[in-house]
Every structure is written in structure tokens, then in C-alpha cells.
Amino acid sequence: RHLGIENRRKLGAEPQLLDLPAHGACTMVRKRTLKAVGGFSETVGAQDGYELWLKVLERHRAAVLVAAPGGGKTTRVPPSLVDRGRVLLLQPRRVAARAMARRIAEERGWTIGREIGWHIRFERQFTDQTRLLVVTEGILTAYLQQDPLLSDVATIVIDEFHERSVHADLGLAMAKQAWLARTDLRIVVMSATLDPKPVAAFLGGCPIVDVPGSLHPLEIEYRPGESIAKALDAVLPRTSGNVLCFLPGAREINSAISES
């Protein structure tokens, strides 16, 4: 069930865990000694979470990143890795792949199909110059089957790994073989809810970087039998922002729009 069981038995220790401040906390200058599975130790300055974890990846070529939802894992981490060459960003769903590519392009001022693009089933939107390529699970598996070393890729980023599928697990297993064969290939596994220790052990006891997020108060109200339009009439006067409504399908969305 866990990819790292056999490696953990061989190494006989837990992987290192880095507790980092939330993004934006740049004033912290504490020093911590890190002990990894392989028996080595390092001292790293705890500055901004994402900036520090890039230094960790530079030294160990693999890392597991755990960050709270909405912390910017997908939009900040993969673009920061393109300096070494093409980055493959794995997204489990086609809609998410396109949406993430567009979001990153908007934030960075990049052009879809040039600096960033996507490759999903029945759709290709990239060129040879594309540095950040967002792919789905089946596409990553196909790439690894065609070229087991992923010769034109510098970094593999597996996002949302907690969703776990046969393709994602197989992709990580095959990517590890390429990682062992190449000294210049980097692997990053990211998630908000994943237990990172088995994955870190599977990747040779690589560092686990934890970037905590901020919690916000949540108030829950129940209005059984009330339409969306009436609920909006009650909620909108109490907020200065927008209201996000989750509905089960297109028919319900169109009905709510017509009622409002």
C-alpha cells in the first residue's frame, strides 16, 4: 500500500522533517539541524518557506512538499524550477491541468503554448520551447514508456499525490528509476493532506518540507428548503465581498441565475 515500506525497512530510520514558516514570514532566522534517513545532517536557516525548500531540493534532488490548501504550491513551486530545463507538472484531471496552466501564465506574464503549456488526452498545447508542461497521469506514464529516462526533462512535479491512482503510483515508481539513473533529474511530490513519510522513504529518505497555512474562522448556517435566491438575499447584505455558490450541475446553476 505504501511505496516506502521496503526502503524504510532497509534504512531503519524516519526521513527528515522541516517545519517552515508560512509564506511571507521572511523575518525568521532560526537555525535547525536536520537529520535524514541516510545518516547525514545539515543546518539550514528557516526563512521564507518556498524559498528555503528550493535550497533543500538543490541539495537532495528530491523533496516532499506539504502545504495547506491555497498556499500556492501549484502556482509558485513549478515555475520556480524552470531554470534547469523543462518541468513536467502532473495534475490528476484535465480541467485542473488547463486551469493551472492558465493561472500560472497569468501570474507570470507567460504565453500559453510558449513558456507554459499542457498535454492532456486528445489535446496538445505546447512547443519545443515550452519550459513548464502540465500533463495528466496517463500522459506522464506514456512519456515514461517512450523514454524511461525522460531525457529532455529536468524536473518532475507530482501534484495532489494524496488522490492516489494506479497511474500516479506507477508514474512515481518509473520516475524514481529515471531519478536513480540520472544525476541531474529532480522529483517533487506535493500535497496538502498526504502522509509524507512513506513517500519520502521511497525516495531514499528525501527531505519533507512543511509549509503551514493560515486558518480563518468558519460560520455554518443551515437553511433547509430555501432557494439559492432567498439565501443570497439573506447573505449579501452581511458581506462586502462576493458569494461563491456550489451547485450540483449546470441545470441547477442556470436555474439559480434565472431566479436571482
Side-chain angles (χ1 to χ4, degrees), residues 1-20 34-42 44 49-50 52-68 71 73-74 77-78 81 84 86-92 134-151 153-211:
R1 177 173 296 183
H2 294 297
L3 297 174
I5 290 178
E6 192 60 32
N7 278 3
R8 191 166 50 191
R9 286 175 181 166
K10 293 178 181 178
L11 296 169
E14 294 294 333
Q16 65 190 63
L17 175 62
L18 311 183
D19 292 315
L20 302 180
L34 314 177
K35 293 185 178 180
V37 178
F40 59 86
S41 63
E42 300 179 25
V44 181
Y50 290 112
L52 178 57
W53 97 269
L54 288 174
K55 298 178 182 178
V56 172
L57 182 63
E58 181 72 21
R59 297 181 181 181
H60 304 290
R61 292 200 303 119
V64 179
L65 177 63
V66 180
K73 298 184 299 297
T74 306
V77 171
L81 303 174
R84 291 292 188 86
R86 173 170 287 183
V87 175
L88 283 187
L89 170 59
L90 176 66
Q91 283 291 324
V134 188
V135 301
T136 45
E137 296 168 342
I139 299 298
L140 175 61
T141 304
Y143 280 176
L144 285 163
Q145 288 176 326
Q146 295 169 6
D147 180 9
L149 294 180
L150 289 178
S151 306
V153 174
T155 308
I156 303 171
V157 180
I158 302 178
D159 196 12
E160 308 291 356
F161 190 66
H162 61 272
E163 296 195 6
R164 300 298 296 276
S165 70
V166 172
H167 275 300
D169 285 8
L170 178 61
L172 178 60
M174 296 176 68
K176 180 188 176 183
Q177 298 306 310
W179 179 70
L180 293 173
R182 290 178 49 190
T183 59
D184 59 340
L185 182 63
R186 303 180 295 184
I187 296 180
V188 178
V189 179
M190 304 194 301
S191 173
T193 59
L194 175 74
D195 177 8
K197 293 182 180 179
V199 180
F202 179 72
L203 292 174
C206 71
I208 299 171
V209 182
D210 185 16
V211 182

By side-chain contact (heavy atoms from CB on, under 4.5 Å), which residues pair with [X], not counting sequence neighbours?
X	result
Arg84	Glu58, Ala154, Arg186
Thr183	none
Ser191	His162, Thr193, Leu194

Side-chain contact, heavy-atom cut-off 4.5 Å: [X] with [Y]?
X	Y	answer
Met190	Ile158	no
Arg182	Leu150	yes
Met174	Pro148	no
Val209	Val64	no
Trp179	Ile156	no
Leu172	Val199	yes
Arg164	Asp169	yes
Lys176	Phe202	yes

Hey, could you give me the [atom1]/[atom2] distance between [X] and [Y], rounded to the nearest 0.5 Å?
X	Y	atom1	atom2	result
Lys197	Ile208	NZ	CD1	7.0 Å
Gln177	Leu144	CD	CG	10.5 Å
Thr141	Gln146	OG1	CD	11.0 Å
Thr136	His167	OG1	NE2	9.0 Å

Do you know the tightest heavy-atom contact between [X] and [Y]?
X	Y	result
Ala63	Leu57	N-CD1, 4.1 Å
Pro207	Ala62	CD-O, 3.3 Å
Ala168	Ser165	N-OG, 3.1 Å
Arg61	Asp184	NH1-N, 4.3 Å
Leu149	Ala181	CD2-CB, 3.6 Å
Ile187	Ala175	CD1-O, 3.6 Å

Candidates Val134, Val188, Val157 - the one meeting side-chain contact (heavy atoms from CB on, under 4.5 Å) with Val87:
Val157
Working note: Leu90 + Glu137, criterion side chain to side chain contact (heavy atoms under 4.5 Å, CB included); need CA distance, chi angles, decisive distance, verdict.
CA-CA 6 Å; Leu90 176 66; Glu137 296 168 342; 3.8 Å; yes
Pair Leu185-Thr155, side chain to side chain contact (heavy atoms under 4.5 Å, CB included): steps then yes or no:
CA-CA 6 Å; Leu185 182 63; Thr155 308; 5.9 Å; no
